[in-house]
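Throughout, protein chains are lettered first and strands after them, A, B, ... in sequence-line order, and every chain is numbered starting at 1.
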Amino acid sequence: MLPMKRYSPKDIEPKWQAYWDENGTYVADLDSEKEKYYGFAMFNYPSGAGIHLGHAKNFTIPDILMRLKRQQGYESYSPVGFDSFGLPAENYAIKTGQSPRVTTDEAIESYRNQYRQMGWSMDWTKVIDSSKVDYYKWTQWCFLQLHEEGLAYQKESLQWWCEIDKSVLSDEQVIAGKCWRHDGADDPLVTKKSLRQWFFKITDYADEILEATDDLNWTPWVKIAQKNWIGRSEGTVATFQLEGLGADTEHVDVFTTAIETIFGVTFMVLAPEHPLVATYAQHADNAQDVDEYVLHAMRKSDIDREKEKVKTGVPVEGLFAINPVNGEKVPVWVADYVLMGYGSGAIMAVPGQDERDYEFAQKYDLPIIYTTTKNEFVSYGPEIKPDRAKFTMANSGEFDGQNLEEARQNITKWLEDAGKGEAKTTYKMRDWLISRQRYWGAPIPIINCADCGAVPVPEDQLPVQLPELDDYHPSGDGRSPLAKAKDWLHVECPRCGKPAERETDTMDGYVCSSWYQMRYLSPHDDTQAWDPKRAEEWMPVKFYNGGDHATAHLLYARFFTRFFHKKGLVPTPEPFEHMYFHAKILAEDGTFFSKSKGNGIDPLEVINSGYGADALRTYLSFIAPPDVESPWNSDGLPSSYRFLNRIWTLVQEFMEVESQTSSVESHDKELLQATHKTIQKVTSDIEAIKYNTAISAMMECVNVLYKIKDEDGYQSSAWQFALESIVQLVAPFAPHVAEELWHDLGHDDSVHVGHWPELDESHLISDTMTLAVQVNGKVRAEIEVAADADEEAIKSEALAQENVHAHLSGKQPKKVIYVKNRLVSIVA
RNA sequence: GCGGAUGUGGUGGAAUUGGUAGACACGCUAGUCUUAGGAACUAGUGCCGCAAGGCGUGAAGGUUCAAGUCCUUUCAUCCGCACCA
């Protein structure tokens, strides 16, 4: 007899990868008549560093589910693509002059190699690359659609500016007031430069996105994060008349969620950027102090402001505000704890009820008034807590004696009647700033004409192609390096034909990733961004996985999908039916993998160590539920290899003895029961993304098979079914070894398409069952009874147990409870 | 501060959703075997105890025949947002 074939991943894995490629095993027919299943993980930015175990987990999660669906007979489409515009390639280009196109292509090639070796069932005939012109042409088309509906607009916005680089900086690039690259003692502070930038009006969709959030089948905390991000709060706007410094004709609107505290107002605070500060502070006696304070505050980045715990501010001497409810005159201050970007950039300060105002009043010795009978902090913010709802108003004129909730409504109504305010809803979410003064992004398809303004590039003139440059440094005038491509820059205005210039800003990378779920459906279509009929068939995405971007990307994609749904191009308003947010895999010491620590692990290293991709995939799935953070433990990997090897051995041994069938079938019932139980468990666990218990169920089944083999040998006809079932069940996790064994078992097609074992529930039922017998809540015996035994028989069987007698100590039981199929509980 | 989770053996984690806590693995202990492999297989392994038995899901109460699961209080850890008026 020949020696048994051994399980050698490094031989079988490349073999089957080539086979799948050649046979187009994972190529989806997008026009298939079959029921469709569409799912994937957030696509990657192809960096020079390659993928690590975190990416391995990210893509393995959907791969397993998509494989299950393909095996169950669905047209299962696992797309693949690259989010390839971005900073690393551009920074590299600035340093070396190497075109980002070249480095990006190289990185993608290397990613492709890694993806294939992981055994992911992606359809490479439909790969997309967001930095290729056949993709970003349609990103530009999306921009034009939004522009046409008035959802893309320009606005002046302050940007951090480094004088040395002659370049804009993001918030994170400002460190202690200086540019991250120029933070020496002699380097200048960063300044703010006002630039005209493009925005998408996502705030128009804030309400409907918020309202739809609760019903999503998404990881719960992601939904909460999105709701917080949108930050809707309902409150009241109150109008305060100004007085002094020549501002008597001006008024300030303040937003508050606690209007019932308005009688406690003792001062008003304006944000340093508030326009009225610039206009009237110059007339104040302390104009210079105010000026200095404002300049100082505006120089701090938001991040720096956040770090400062102590509140600071200055009064605008001589400027007062009139409280609309009682005519009280209060001083006006400027302080940077009030943010220009929220509400109206001005607050009515109520130090008697608000901690922040209280702290400020203490520091600057401002008066404090309490507006409830309790004389303490009562409530602030959108909700009045139940235990405080009964507090009673005081010092509040005609509203004294009312409870807080009533007063809230009544004061708002009073203001509305007096024309001095109204109920209002505000949002934390701002419009989406999409302009980037960068080269490696999708050019904004706009032509700036002196006469016509910002004119959209006509659709038939798309794409606006990125020109190749010799030098990728910023242009130095606040515009992107594109401003240096003169041939590209100068064009005729599409409207009047006069000389004009292209917009040199490119789009935020999040724009590219806001619509790729549709492009995957028409990756090669050069007549439209996607085919709406395909979208009708395939959208929404059934399963979407990621471990990042809980707010930004996932909100932007929802915004785009809603927009195109309204235009009739997408069948549903939501892009992702089930969004699964997985937890990170940690380093062995429980810390995060990080570049600076250099503790990242390349999956290829694990694969090539001899354990193979199948063991890696299985181990990643087994280590913990995918949404639970868990450390990588290299000791655990051999256990997955061992498990696969045990299946391997069962099949190989079976093949050797196949011809020696005999009639002994004493374990068939047990064999079939174990197999069908496993089919049921694995199917439902994969669908519920509980891969760890799916694998443990298969391990249990394999353990049963070994036990039966020891007692019976391979003599029964049920073995073929059991082995084929296990091979099919393990295929989503370990596709290569499953394919090999499937062929060993005599099949000549792929196990991965249309082969999932069928559950026969009749095999799940056994003749007998084991019940626990409890006396006073403690297990005292076990009884084996017929599955169809009646309740009385079971109870008397339980009471007849010797140990039960002992614990009843001769007394009659007070009560005997039978829990069907579980236990008998006896109360003494 | 606000919001959201999560606390189970030496370790990762199971638990039919109120019904035999610790499945499946890692590790450890003992053994079998030899085609010495990254072996494989068998048995054991929550804690205390020689045993009978008792104890046991962060802690303390409660509901129940029965609580890891439900309720109240409390502690700890992690995550998100964070001067959002």
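The environment of NZ in A:K10 is sparse: at most 12 heavy-atom neighbours from other residues, nucleotides or ligands sit within 6.0 Å. Atom NE2 of A:H251 has 12 or fewer heavy atoms from other residues, nucleotides or ligands within 6.0 Å. The environment of CH2 in A:W333 is crowded: more than 12 heavy-atom neighbours from other residues, nucleotides or ligands sit within 6.0 Å.
Summarising the geometry, the separation between CG on A:L586 and C1' on B:rC79 is reported as 13 Å, rounded to the nearest angstrom. Whole-Å rounding puts the A:D627 CG to B:rC79 P distance at 16 Å. As a whole-Å value, the separation of A:E355 CD from B:rC2 C1' is 11 Å. Summarising the geometry, the separation between CG on A:N228 and P on B:rG1 is reported as 17 Å, rounded to the nearest angstrom. The separation between A:I647 atom CD1 and B:rC24 atom P is 16 Å, rounded to whole Å. In this structure, A:R6 places its CZ atom 12 Å from P of B:rA39, rounding to the nearest Å. In this structure, A:I224 places its CD1 atom 14 Å from P of B:rG80, rounding to the nearest Å. In this structure, NZ of A:K795 is placed 15 Å from P of B:rC65, rounded to the nearest angstrom.
Distance check on atom P: B:rG7 versus B:rG58 gives 8 Å, rounded to whole Å. To the nearest whole angstrom, the two C1' atoms, one in B:rU8 and one in B:rG46, are 10 Å apart. Taking the C1' atoms as reference points, B:rG1 lies 38 Å from B:rG56, given to the whole Å. Comparing the C1' positions of B:rG49 and B:rA59 gives a spacing of 26 Å, expressed to the nearest Å. Here the separation of B:rA82 from B:rU20, taken at their C1' atoms, is 48 Å to the nearest Å. Here the separation of B:rU73 from B:rG3, taken at their P atoms, is 14 Å to the nearest Å. Taking atom C1' in both B:rA15 and B:rU69, one finds a spacing of 10 Å when rounded to whole Å. Spacing between B:rG12 and B:rU16 at atom C1', rounded to whole Å, works out to 22 Å.
Taking syn as a glycosidic angle within 90° of 0, B:rU17 qualifies as syn. Nucleotide B:rG80 is shown with an anti base, its glycosidic torsion being more than 90° from 0.
At the heavy-atom level, A:K428 lies under 4.0 Å from base atoms of the strands shown. Using a 4.0 Å heavy-atom distance criterion, A:G341 is classed as making no nucleic acid contact.
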Side chain to side chain donor-acceptor pair (under 3.5 Å), that's the test. Do A:D614 and A:H736 meet it? Break it down for me.
CA-CA 7 Å; A:D614 284 337; A:H736 310 85; 2.8 Å; yes
Applying side chain to side chain donor-acceptor pair (under 3.5 Å) to A:T770 and A:E784, what does each step give before you reach the verdict?
CA-CA 4 Å; A:T770 307; A:E784 177 124 338; 3.3 Å; yes
Nucleotides 40-55 of chain B: protein proximity per nucleotide (B base, S sugar-phosphate only, - neither; heavy atom, under 4.0 Å):
SS------------SS
Protein heavy-atom contacts under 4.0 Å, written 5' to 3' over nucleotides 8-21 of chain B as B (base), S (sugar-phosphate only) or - (none), form the string ----BSSSB--BB-
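Considering only heavy atoms from C-beta on, A:W632 comes within 4.5 Å of A:Y619 through its side chain.
Taking the ring axis of A:Y337 as reference, the NZ or CZ atom of A:K311 stays within 45° of it and closer than 6.0 Å to the ring centre. A:W229 does not carry A:R558 over the face of its six-membered ring by the limits of under 6.0 Å from the centre and within 45° of the normal.
Each of A:G610 and A:K815 was assigned the nucleotide of RNA chain B with the nearest heavy atom; the assignment lying further toward the 5' end belongs to A:G610. Comparing A:A346 and A:N776 against RNA chain B, the residue whose closest nucleotide sits nearer the 5' end is A:N776.
Looking only at distances, no side-chain donor or acceptor of A:K227 sits under 3.5 Å from a matching main-chain atom of A:L210.
Centroid-to-centroid, the aromatic rings of A:F267 and A:F360 come within less than 6.0 Å. Between A:Y641 and A:Y7, the distance from one ring center to the other falls under 6.0 angstrom.
Side-chain N/O atoms of A:T239 and A:D253 include a donor and acceptor closer than 3.5 Å. Counting only N and O atoms by type, the side chains of A:Y370 and A:T261 include no donor and acceptor under 3.5 Å apart.
The side chain of A:E700 sits closest to B:rC24 out of B:rG4, B:rC83, B:rC24.
Annotated stems with RNA chain B as a participant read B:1-7 with B:75-81, B:10-12 with B:24-26, B:27-32 with B:40-45, B:46-48 with B:53-55, B:58-62 with B:70-74, given as range with range, by first number; only runs of 3 or more Watson-Crick or G-U pairs under 3.5 Å qualify.
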